[in-house]
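Worksheet: one structure, shown below.
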4 protein chains.
Amino acid sequence: MLTIQITTGSDVPIFRQIVEQIRAAIAGGKLRTGAPLPSVRGLANELVINHNTVAKAYSQLTRDGVIESQQGRGYFVVQRREIFTKAERVRRVNALVAPLVSEAVLLGFSEPELVSLVQKQFAKVMSDPQGKTS
Amino acid sequence: MLTIQITTGSDVPIFRQIVEQIRAAIAGGKLRTGAPLPSVRGLANELVINHNTVAKAYSQLTRDGVIESQQGRGYFVVQRREIFTKAERVRRVNALVAPLVSEAVLLGFSEPELVSLVQKQFAKVMSDPQGKTS
Amino acid sequence: MLTIQITTGSDVPIFRQIVEQIRAAIAGGKLRTGAPLPSVRGLANELVINHNTVAKAYSQLTRDGVIESQQGRGYFVVQRREIFTKAERVRRVNALVAPLVSEAVLLGFSEPELVSLVQKQFAKVMSDPQGKTS
Amino acid sequence: MLTIQITTGSDVPIFRQIVEQIRAAIAGGKLRTGAPLPSVRGLANELVINHNTVAKAYSQLTRDGVIESQQGRGYFVVQRREIFTKAERVRRVNALVAPLVSEAVLLGFSEPELVSLVQKQFAKVMSDPQGKTS
DNA sequence: GTGGTCTAGACCACC
DNA sequence: GTGGTCTAGACCACG
């Protein structure tokens, strides 16, 4: 059973939170190839959000080749492919690392403090990909 | 000499690109306490954007307490001081750590790999005050 | 029901008048945690001003952590939390205390007279949550 | 000897700081009727600011009837008159008290804490109108 | 419907 | 010269 948790009022849009959590669930092995996703309207009901928002998330995942729709049956996880080269993957992560480090330095964090926060978050994500305890 | 580079048509707004580059310059010591920033309209001219966009970036940096305006003289880098509570500082950094870790996991990075990238960036920022190698 | 009143042509900018009235409404309990604010464009229409001016006011309140925007839904009053260090909070209040005392001295007020005015205003704000008598 | 101290980078313009400090000096009895003010260029030199700024301050004080210029001799303090009614004076002070109390409440200050800050500032102004120790 | 960003251009205050 | 404010109007993203 897949549990999605959204935070309203964040700067990251709801549809993207759904996208990210489903990708993380797949990456973490919680959703395997061929597994079914919650129905659009079912998930929308559960999260108390507009069903267009869920549809948008699924549509984006479909476009990215992560899931696929089977007419009348629902959405299912597709065989995942590695699309990015190592350099590209590093580039993408570093795009987030740079502003993080700037902000941390300006806020007075030391390197070990920052690393500790990263490790803590990493542990949290790996042990609880659906965010049940967050 | 401070050079700002922006890419229009990116998903990250221009004013935020400016904010982040200036924050990075200050965090990295390229802009020291008391140093003047490019004038609002001067920078706008240089980047071929509207001056309000630069003003918005500067205004945001001012609210965050990293620069200040001196009427009729310009903007200057401010002495760093502890503005936020520890909890708030952690909250702000974690707001950047969370999406970073999600992305890293999604891209298949291990925790040590990610930590290493963070440490590398941290070292780069701290050890290259003049920005000669960047 | 929240009513904002502005006076154009004053020396205090419109966006700041809005900021102060909303801060007062929240401090006085007229706007409680979770309560929605008037929409940016709606309020702009009502006050017959540009929507950017309202947006600027709301943006400032957001940076100060008293309200938050929920994309596509509107602005809402935020749970109060300790954002600033004690020193910063004192600094911010003193920035308002100093000109007040200068003005009061200039106008010939004694210290007890001024303190009494402050206490009266404090009592008014705290004891009139619905704003019925204001 | 009159000592003026200015804070650059504040939100209150320099010329207004000069105006306020001279008014306070007169209100506090440090400058009596007929006393000479520092010369425009002398004060500008001392404060390392543009002499137009000092001229603007003196011009405003002259317009308000607080000082007067005697051609070729300099500026002198004029007999001070009470211009405002009691109600008007209270209104003027309360215009500053209201936003102060809102801000203080939102920052979590209690009434005694705020009163204490006001008293402290009051004592400071009365004992040291020229700000020598600030 | 909501907010977010950006432009072009105006007018003002300060130094 | 500097920054600060405001307008009118456009285009986009989100729900």
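In what follows, every chain begins at residue 1, and chains take the letters A, B, ... in the order their sequences are listed.
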R16(B) and E20(B) ion-paired at < 4.0 Å: no
query: Is the phosphate of dG1(E), meaning OP1 or OP2, less than 4.0 Å from a side-chain N or O of S39(C)?
result: no
- request: Measure the distance from CG on L37(B) to C1' on dG1(F) and round it to the nearest whole Å.
  value: 17 Å
message: Using OP1 and OP2 only, check whether a side-chain N or O of Y75(B) sits under 4.0 Å from dG4(F).
response: yes
- request: If dC11(F) has a Watson-Crick or G-U wobble mate with both distances under 3.5 Å, name it; if not, just say none.
  value: dG4(E)
Protein-nucleotide distance (L47(C), atom CG; dA8(F), atom C1'), rounded to Å: 17 Å
field: D64(C)/R23(C) ion pair, N-O < 4.0 Å
entry: yes
- request: Kindly check if the number of other-residue, nucleotide or ligand heavy atoms within 6.0 Å of CD (Q5(B)) is above 12?
  value: no
- request: Would you kindly compare I14(B) and G74(C) by the position of their nearest DNA chain E nucleotide and give the one closer to the 5′ end?
  value: G74(C)
query: Is there side-chain contact between V66(B) and V77(B), with heavy atoms separated by less than 4.5 Å?
result: no
- prompt: At under 4.0 Å, does any side-chain N or O of S69(B) touch on OP1 or OP2 of dT2(F)?
  reply: no
message: If I take atom CD in residue Q70(B) and atom C1' in nucleotide dA13(E), what distance separates them, rounded to the nearest angstrom?
response: 16 Å
- prompt: Pick the nucleotide of DNA chain E nearest each of R16(D) and V40(C); which residue has the one closer to the 5' end?
  reply: V40(C)
- line: On DNA chain F, more 5' by nearest nucleotide between H51(C) and R73(C) is H51(C)
- request: Look at the side chain of N52(C) against the base of dG9(F) and say whether a donor-acceptor pair falls under 3.5 Å; ignore hydrogens and angles.
  value: yes
statement: note: N45(B), atom CG; dG1(F), atom C1'; distance rounded to Å ~ 14 Å
query: Any donor-acceptor pair under 3.5 Å joining the side chain of R41(C) to the base of dG9(F)?
result: no
task: Using a cut-off of strictly less than 4.0 Å, decide whether K56(C) has a side-chain nitrogen or oxygen near OP1 or OP2 of dC6(F).
output: no
message: What is the separation between atom CG on L43(A) and atom C1' on dG15(F), rounded to the nearest whole Å?
response: 15 Å
field: Any donor-acceptor N/O pair, T7(B) side chain to S10(B) backbone, under 3.5 Å
entry: no
message: It should be established whether S59(B) places a side-chain nitrogen or oxygen under 4.0 Å from OP1 or OP2 of nucleotide dG4(F).
response: no
field: Nearest-angstrom distance from the residue atom CG of N50(B) to P of dG3(F)
entry: 14 Å
task: Would you kindly give the CD-to-P distance between Q60(B) and dG3(F), to the nearest whole Å?
output: 18 Å
Residue whose closest nucleotide on DNA chain F lies nearer the 5' end, F15(A) versus I49(C): I49(C)
- prompt: What is the distance, rounded to the nearest whole Å, between atom CG of D11(C) and atom P of dC6(F)?
  reply: 12 Å
